Structure formats: structure tokens, C-alpha cells
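Since the model is a prediction, treat every value here as computed from it, not as a measurement. Note that these values count all heavy atoms, side chains included, but never hydrogens, waters or copies made by symmetry.
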Amino acid sequence: LKSEWKTTFNLYMGNVGLDNGSYLHHWIACLFLISICLLAVDLVTVFGFVLRNITHRLRLLALSAGILLCVMAHIQGSRPPVVTEHEIVMQGLPGELDETVLAAVADTHIGADNGLEWLEERVQQILDMRPDMIVLIGDIVARNGSENYRAELTGILQRLEAPLGVWVVRGNHESKTSIETFEKAGIRLLRDESVEISPGFVLAGIDQAREWELRDSIYAVAFAKTLGSRPKGATVLLCHEPLRATLAEEAGVELMLCG
């Protein structure tokens, strides 16, 4: 049986929210852009020894160009993420699950790169797609903040609802507090385990721990534990790191989603 699985997922390409306290990164980026423009002028003029008559004007133009690039980057970073739709055919997926819509989100880095107001808008953006399942593929929460902040964060995440559930795997930024937030929000955490969502359809998740780094032996054990004794059926695997796809392929995984 070959059934169609329509998967809709978000690609956060260079998106950086500006409603948070992580302004240091933005200032560093601005200084970098301006410095590159000024350095280009210095290289052309051999640091002022050539074209002396216009070096000052060239440096002013370079400074203006750097500032313009910063403004453009600021505007681009404030735009909502682009949603890309993919239709995927999965071998063995039950016919009743044809046209199922899955919304996948990764690397929102709430508390570090993006704030709660930005998250609230993204939650509504996801809900507007009316997905059958929502999966969060790691590094959703980077910093947890105060107790009041966590309570507000939990309230926003609780709005995520889908008929086949809301699921999450841990990334390298998620802490124990982040996991508690997911649990309070009713989001199911997958930690090196697989779950039969419905007969013939399995969702599996690899737990990403900071201390893993890139050690192949640990990944191999995690993949074997997660996929070795999973229920029969078309399998979607969640793993924060887009690595070791060959391990998933060898285990018969039809679709692997990563951050």
C-alpha cells in the first residue's frame, strides 16, 4: 500500500526575532557588516595611501552602506518565517491517513533569539495551517527566565493543539526546566522511544543531549534503542541533529525530520 503523506513544515532560514534581550548578537552583527564595508575601502586605498583625495568620501560611503545593510538585515530578521509545503509519499502508510498534514518546527530558541510575543505569533501561524500533528524538533526553548516568564511561556505553548497530538524531542539547548515546561503545556516528549500513533503509523524521537557532541557510538545505541523494537508501520523519525541519516535508513525509517 502506498499512501500520500502531505507534510507542511517551517524552515527558519536566518530568522532572528528582535523582541528579546539578546541584543548583543545583533550589535556584533552590525559591527561586522560595517567593518567589512570599511575594510573594503581600506584595501582599495591601501589604508589611505592611494586615492587620498577621495578616501574620506569612500569611507563615508562605506559607513552608509554598512548601516543600510544593518537596517535591511533588521527588517529581514523581523519578518515571519516562511512556511514551505512538501507532499511526501510514504510506503505502508494506512489509506485513512492520506493527506495528513504535519507541521514541524525547530530552532526557535525562545528566550535567546526570540521572545514570547514572537512565539505567540508563530503559534497562531501554526494553528492557522490546521495540522493533524505538530512536532517540535529541538532547541525550541533556549532560556527559561523567571517563574512568571515560564508560566507565560507554558500558557502560549498550551495553545498548540492537533488531532494526532503535539510532540517534541530535545535539542542541545533544552534544559530540565524546559522539559518541565513542555510537560506542563501538555506536549509529549520523546526520549529515545517510538510510539504507535495509530495502527500502521509510528512516530519516533531521538533524545539530543548536550554532552553527546558527535560521538558515533552513543548515536548508534540511541538509534538502536529507539527503532529496534518499534511497532510495525510507516515511521517518522524526529532528531534535532541532521546527522546519521544512514542509521535511520538502515532501520527502515521512511521520513526523518531534523532541526
Side-chain angles (χ1 to χ4, degrees), residues 7-26 74 77-85 100-191 193 195 197 203-210 236 238-240 257-259:
T7 307
T8 304
F9 65 99
N10 295 338
L11 297 178
Y12 291 89
M13 301 297 292
N15 182 75
V16 179
L18 300 175
D19 57 346
N20 59 82
S22 186
Y23 289 107
L24 178 61
H25 298 156
H26 306 142
H74 183 99
S78 300
R79 295 172 60 187
V82 175
V83 177
T84 305
E85 295 188 10
T100 298
V101 176
L102 184 152
V105 185
D107 296 281
T108 54
H109 291 234
I110 301 303
D113 291 337
N114 296 295
L116 296 181
E117 183 179 346
W118 183 91
L119 175 62
E120 200 160 14
E121 292 172 354
R122 301 292 71 77
V123 166
Q124 188 57 53
Q125 186 178 9
I126 294 168
L127 294 177
D128 288 343
M129 295 191 305
R130 300 188 156 199
D132 298 294
M133 175 186 286
I134 300 171
V135 293
L136 310 177
I137 320 174
D139 283 2
I140 302 301
V141 178
R143 296 177 187 168
N144 294 281
S146 65
E147 188 173 340
N148 290 337
Y149 180 92
R150 293 194 299 273
E152 189 174 355
L153 171 61
T154 301
I156 295 173
L157 292 175
Q158 281 178 332
R159 292 182 54 211
L160 289 173
E161 292 182 333
L164 297 179
V166 183
W167 306 81
V168 65
V169 290
R170 186 168 62 153
N172 55 292
H173 282 96
E174 259 91 24
S175 64
K176 182 179 178 181
T177 306
S178 302
I179 294 173
E180 293 173 353
T181 299
F182 292 139
E183 291 174 347
K184 290 179 181 178
I187 300 173
R188 170 73 185 276
L189 177 68
L190 294 173
R191 306 186 72 170
E193 58 185 308
V195 177
I197 302 298
L203 181 68
I206 299 291
D207 187 45
Q208 168 71 60
R210 187 188 303 274
V236 174
L238 309 179
C239 182
H240 178 65
L257 299 175
C258 305

Visitor: Ignoring hydrogens, what is the shortest heavy-atom contact between Ile126 and Pro131? Give both atom names and the distance.
Guide: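 So the two residues come closest at O-CD, 3.3 Å.
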Visitor: Quick one: pull up CG in Leu190 and CD1 in Ile206 and give me the separation to the nearest 0.5 Å.
Guide: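 Here the interatomic distance stands at 10.0 Å.
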Visitor: Pair up each side-chain donor or acceptor in residues 153-163 with any protein partner under 3.5 Å, not counting sequence neighbours, and list the distances.
Guide:
from: Thr154; atom 1: OG1; to: Arg150; atom 2: O; distance (Å): 2.8
from: Gln158; atom 1: NE2; to: Lys184; atom 2: O; distance (Å): 3.1
from: Arg159; atom 1: NH2; to: Gln124; atom 2: OE1; distance (Å): 2.5

Visitor: How long is the straight-line distance from CG of Leu203 back to CG of Leu102, given to the nearest 0.5 Å?
Guide: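 With rounding to 0.5 Å, CG (Leu102) is 8.0 Å from CG (Leu203).
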Visitor: Search all heavy atoms of Ser178 against all heavy atoms of Val141 and return the closest pair with its distance.
Guide: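 Scanning both residues completely, I find the closest heavy atoms to be OG-CG1, 3.7 Å.
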Visitor: Would you give the length of the straight line joining atom CD1 of Ile140 to atom CZ of Arg122, rounded to the nearest 0.5 angstrom?
Guide: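 Those atoms lie 13.0 Å apart.
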Visitor: Are side-chain heavy atoms of Ile179 and Arg170 found at a separation under 4.5 Å?
Guide: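 Answer yes - side chains close enough.
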Visitor: Taking atom OH of Tyr149 and atom CG of Leu116, what is their separation to the nearest 0.5 Å?
Guide: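 Separation between the atoms: 4.0 Å.
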Visitor: Hey, what do you get for CG (Leu257) to NE2 (His240), rounding to the nearest 0.5 Å?
Guide: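 Result: 13.5 Å between the selected atoms.
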Visitor: Ignoring hydrogens and geometry, is there a side-chain-to-backbone donor-acceptor pair from Asp132 to Val101 under 3.5 Å?
Guide: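 It does hold such a pair.
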Visitor: Does Arg191 have any side-chain hydrogen bond (donor to acceptor under 3.5 Å, both in side chains) partners at least two apart in sequence or in another chain, and if so, which?
Guide: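 Checked Arg191 against side-chain hydrogen bond (donor to acceptor under 3.5 Å, both in side chains); zero matches.
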Visitor: With sequence neighbours excluded, what pairs up with Val168 under the side chain to side chain contact (heavy atoms under 4.5 Å, CB included) test?
Guide: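 Partners of Val168 under the side chain to side chain contact (heavy atoms under 4.5 Å, CB included) test: Leu136, Phe182, Ile187, Leu189.
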Visitor: Just jot down the salt bridge (Lys or Arg N to Asp or Glu O under 4.0 Å) partners of Arg130, sequence neighbours excluded, or say none.
Guide: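 Applying salt bridge (Lys or Arg N to Asp or Glu O under 4.0 Å) to Arg130 gives none.
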Visitor: Rounded to the nearest 0.5 Å, what separates atom CD1 in Ile197 from atom CG in Leu164?
Guide: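 If we round to the nearest 0.5 Å, Ile197:CD1 and Leu164:CG are 6.5 Å apart.
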